[in-house]
Amino acid sequence: MKEQLRQIEETAVAAISSCTDLRALDELRVKFLGKKGELTAILKQMGKLSAEERPAMGQLANQVRAALETAVSEKSAALQEAAKAAKIAAESIDVTMPGKRPAVGRLHPLQIVENEIKEIFLGMGFSVADGPEVEYDYYNFEALNLPPNHPARDTQDTFYITENILLRTQTSSVQVHVMENQKPPIRVIAPGRVYRSDAVDATHSPLFHQIEGLVVDKGITMADLKGTLELLMQRLYGDDCKIRLRPHHFPFTEPSAEVDVMCFNCHGEGCRVCKGEGYIELLGAGMVHPKVLEGCGIDSEVYSGFAFGLGLERIVMRRYNISDMRLLFENDMRFLEQFR
Ligand code: DAH
């Protein structure tokens with residue numbers, strides 16, 4: 001029996017010391033020290049020994065057990081230490097590697113200019129109004145003095161959803177919502193998307209953006225309109241910028257005007273950009289038609305107002321020298337990344 005114990009100790013110690021991973025080590029522990037292990041099997045035979053032999057053999061068995069347990073736990077600690085070291089080595093960071101630049105978004109050029117125009121008007125005491133893009137015919141046309149069959153409807157090729165629901169063709173529709181819900185004094189701008197059934201080309205898109213303006217109060221005159229728009233253009237294009245009003249017709253204003261802005265390129269001299277004119281047509285405006293005021297419950301004997309509508313794309317294209325409107329809607333990153 002003594003021989004057997006020595007034998008077990010020798011093979012177990014050798015196996016444990018040459019063991020290279022924790023799982024195999026645990027298998028060895030079970031094999032030698034477990035309940036059904038080799039050492040236990042021998043101890044079970046102790047009963048067969050004589051009373052004199054038993055204590056010495058018991059002591060030896062305990063020594064062997066202790067020796068094996070120490071060997072297992074030392075080996076286990078060593079293997080864990082090695083595994084940790086290997087993990088640390090594998091995870092080491094190379095601080096000299098070039099970093100990955102996080103992609104930071106930026107504003108679309110349309111949004112940049114819209115924000116700028118909003119700021120200018122907020123500075124003049126305007127607030128920003130909003131209205132639906134899917135609109136009743138009434139708000140888009142009828143309340144703006146464009147009854148059914150009015151020929152001017154033809155100039156705004158419309159996407160109809162039903163007979164009397166459509167995608168708004170102009171932000172002028174917001175004027176009506178504002179006047180229905182608010183009593184004068186009114187000073188609002190209404191930026192937003194508008195839609196027309198136009199074919200796409202370098203200067204047309206079925207979706208584009210307008211900014212509407214509306215002021216209604218006692219004693220508002222065309223001078224207020226001109227002063228307001230001139231200040232806007234001077235903020236956008238520089239303090240020497242002048243504007244020019246040309247008579248025009250819009251059903252919802254009387255009188256109406258088209259507003260030309262001094263050419264930013266030649267400052268009125270006449271050049272290639274303005275085709276020799278010195279001025280560039282930029283927006284529509286006028287004094288709110290009494291019928292429109294009355295239709296919204298505002299007494300046109302007491303109040304007067306002016307309104308204007310400008311196309312955002314035009315201003316953006318001029319500002320950034322963009323020659324094709326499609327670039328604004330194609331969302332090509334190479335294009336969009338150029339603006340801040
Ligand atoms: N809604 C007009 C358009 O889309 C632009 C416009 C002209 C708006 C005159 C106005 C205005 O408010 O007074 O062509």
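As the structure lists them, so they are numbered: ligands from 1, and atoms in each ligand from 1.
Proximity of Ala285 to ligand 1, defined as any heavy-atom pair under 4.0 Å, is confined to the backbone N, CA, C and O atoms. The part of Phe308 lying near ligand 1 is the backbone, judged by heavy-atom distances below 4.0 Å. Using a 4.0 Å cut-off between heavy atoms, Arg196 contacts ligand 1 through its side chain alone, with no backbone atom that close.
Atoms of ligand 1 found under 4.0 Å from any heavy atom of Gly286 (numbered from 1 in listed order, with element): 13 (O). The Gln210 neighbourhood of ligand 1 comprises atoms 3 (C), 4 (O), with distances under 4.0 Å to a heavy atom of that residue. The Ala307 neighbourhood of ligand 1 comprises atoms 12 (O), 13 (O), with distances under 4.0 Å to a heavy atom of that residue.
Taking the six-membered ring where the residue is Trp, Phe339 and Phe335 present perpendicular rings, their angle passing 60° and hence far from 30°.
The protein heavy atom nearest to atom 2 (C) of ligand 1 is Gln170 OE1, 3.6 Å. Here the heavy atom of the protein found nearest to atom 8 (C) of ligand 1 is Gly309 N, 3.3 Å. Taking atom 12 (O) of ligand 1 as the reference point, the nearest protein heavy-atom neighbour is Glu212 OE2, 2.5 Å.
Using a 4.5 Å cut-off on side-chain heavy atoms (C-beta onward), Asp217 and Ile186 make no contact. Inter-residue side-chain proximity for Leu327 and Asp324 is flagged as met; some heavy-atom pair is nearer than 4.5 Å.
The closest heavy-atom contact to atom 11 (C) of ligand 1, among the options Phe208, Phe250, Phe252, comes from Phe252. With distances taken over non-hydrogen atoms, the option nearest atom 13 (O) of ligand 1 out of Val288, Val259, Thr253 is Thr253.
Of the charged side-chain nitrogens involved, at least one lies within less than 4.0 Å of a carboxylate oxygen, so that Asp26 and Arg29 count as a salt-bridged pair. Under a 4.0 Å N-O distance rule, the pair Arg6/Glu9 qualifies as a salt bridge. No salt bridge links Glu313 with Arg318; every basic N to acidic carboxylate O contact stays at or beyond 4.0 Å.
For His150 and Phe141, the ring centers sit 6.0 Å or farther from each other.
Looking at Gln175 next to ligand 1, an N or O pair under 3.5 Å apart turns up.
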Derivation and outcome, salt bridge (Lys or Arg N to Asp or Glu O under 4.0 Å), residues Glu277 and Arg244: CA-CA 12 Å; Glu277 278 283 310; Arg244 191 169 78 174; 3.4 Å; yes
